[in-house]
2 protein chains.
Amino acid sequence: MFQGETAITVDDKGRLAIPTAYRELVAGACANRLVITYNPFESGCLWLFPHAEWEKVRDQVNALPSVKAVHRALQMKLVGAAAMVEPDGAGRILLPGSQRTAAGIEKKAVLLGMGSKFELWSEQAHLAKIRQTIGEDEISDDMADLRL
Amino acid sequence: MFQGETAITVDDKGRLAIPTAYRELVAGACANRLVITYNPFESGCLWLFPHAEWEKVRDQVNALPSVKAVHRALQMKLVGAAAMVEPDGAGRILLPGSQRTAAGIEKKAVLLGMGSKFELWSEQAHLAKIRQTIGEDEISDDMADLRL
DNA sequence: TGAAATCGTGGGAATAAGTGGGAATAACTG
DNA sequence: CAGTTATTCCCACTTATTCCCACGATTTCA
């Protein structure tokens, strides 16, 4: 279970160091095999799945009937973009160049632990999201009963 | 099972190098016989099937009663356009010129691993698709239950 | 407070992959 | 049947990727 946000620097070659706090967790969860895809719902954000978790997601998404345009878009962004990466000797993973540019992730980025997966945001996109509070009109029925 | 996106350059002769990561997979899945057709649902996109997979698709499509116009259109784009290709010594396949122009695929293209088949997009068309996030109003009933 | 260890970052070299061009062969047309 | 055009195969070069090493900063423990 991943949680917390970490400031990350991506170097010119597109390498990104996994924070030490997560190293053991990742090694245990998926033998160091991570899968990078697009976040289909947000631009400027990539998803990082442990391989075991990814397989579940992939199978769910592939099972959707591809006659619907939305489903094809989802399959394209998730399965079509999925890149498997393994950390190097220094615990760094290599972001595929295409995804780095498409998500607009440059030197400064933010890694978020989101339960079963990570989210990688460009610093700007992340800051913009955080600054933006949740308005009352957005509250869903599921949220209404929360005790926070 | 193919997945991931790769930037591909198509040279003046219409040759396209299969990424090394897929070479063995393709050789195993279909003895290097690939079938190229149009993606009937998206313009600017071609489909590449391993031969074994193609036979299933072809038989399904051919079985549709051809009195309906939609069926004929599908049969035309899939069966009617199917070209079998095999990689050369350098692991490159030759795109038929007609399909290259029809799909608008020029020098810069993107190859997507989509489970049982590949998709070949022109760089522009692909980028446009990726940049476009999935909005809340587009979510289908099938998608609502996904746990991503 | 100092020293050691660990973590993060950058750069460089070896290797592999991708790309382009050219020549030989085959096919097609007049 | 000959000339021209298209296709295929092969070789070589350039570019990208991967692995490894080293330096600097920060933290931790004695």
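Basis for what follows: all heavy atoms, side chains included, without hydrogens, waters or symmetry-related copies. Chain naming here is simple, since letters A, B, ... match the order of the sequence lines and numbering starts at 1 in each.
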**OP:** Using only side-chain N and O atoms of B:K13, determine if any of them is under 4.0 Å from OP1 or OP2 of C:dG22.
**Re:** no
Original post:
Under 4.0 Å: is that the gap between some side-chain N or O of B:T20 and OP1 or OP2 of C:dG18?
Top reply: yes
**OP:** To the nearest 0.5 Å, tell me how far A:T37 OG1 sits from A:L78 CG.
**Re:** 5.0 Å
Subject >> Between D:dT8 (C1') and B:I93 (CD1): distance, integer Å >> reply: 15 Å
Subject >> Close aromatic pair by centroid cut-off 6.0 Å: A:F118 and A:F49 >> reply: no
Original post:
To the nearest Å, how far apart are B:R100 CZ and D:dT7 P?
Top reply: 10 Å
Subject >> Side-chain N,O (A:R92) to OP1/OP2 (C:dG11) below 4.0 Å >> reply: no
Original post:
Counting just side-chain N and O atoms, does B:K107 come under 4.0 Å of either OP1 or OP2 of C:dG20?
Top reply: yes
Original post:
Given atom CG of A:D12 and atom C1' of C:dG11, what is their separation to the nearest angstrom?
Top reply: 10 Å
**OP:** Using a 4.5 Å cut-off on heavy atoms from C-beta on, say whether the side chain of A:C45 contacts that of A:L120.
**Re:** no
**OP:** For A:L94 and D:dT18, give me the distance from atom CG to atom P, rounded to whole Å.
**Re:** 6 Å
**OP:** Mind checking B:D88 for me? I need base, sugar-phosphate or nothing, with any heavy atom below 4.0 Å counting as a touch.
**Re:** nothing
Subject >> Closest-nucleotide 5' rank along DNA chain C - winner of A:R15 and A:A21 >> reply: A:A21
Original post:
Between A:R72 and B:E42, is there a side-chain N and carboxylate O pair less than 4.0 Å apart?
Top reply: yes
Original post:
Quick one: do B:K107 and B:E123 make a salt bridge, cutoff under 4.0 Å?
Top reply: no
**OP:** Please report, rounded to the nearest Å, how far the C1' atom of C:dG8 is from the OH atom of A:Y22.
**Re:** 17 Å
**OP:** Report the distance from atom CG of B:L111 to atom C1' of C:dT19, rounded to the nearest whole Å.
**Re:** 16 Å
**OP:** Respond yes when some side-chain nitrogen or oxygen of B:T9 is under 4.0 Å from OP1 or OP2 of C:dT19, and no when none is.
**Re:** yes
**OP:** Send over the distance from A:E86 CD to D:dT18 P, rounded to a whole Å.
**Re:** 11 Å
**OP:** Report which part of the nucleic acid B:I8 touches: base, sugar-phosphate, or nothing (heavy-atom distance under 4.0 Å, all strands).
**Re:** nothing
Original post:
Rounded to whole angstrom units, what separation is found between the CG atom of B:D11 and the P atom of D:dT15?
Top reply: 16 Å
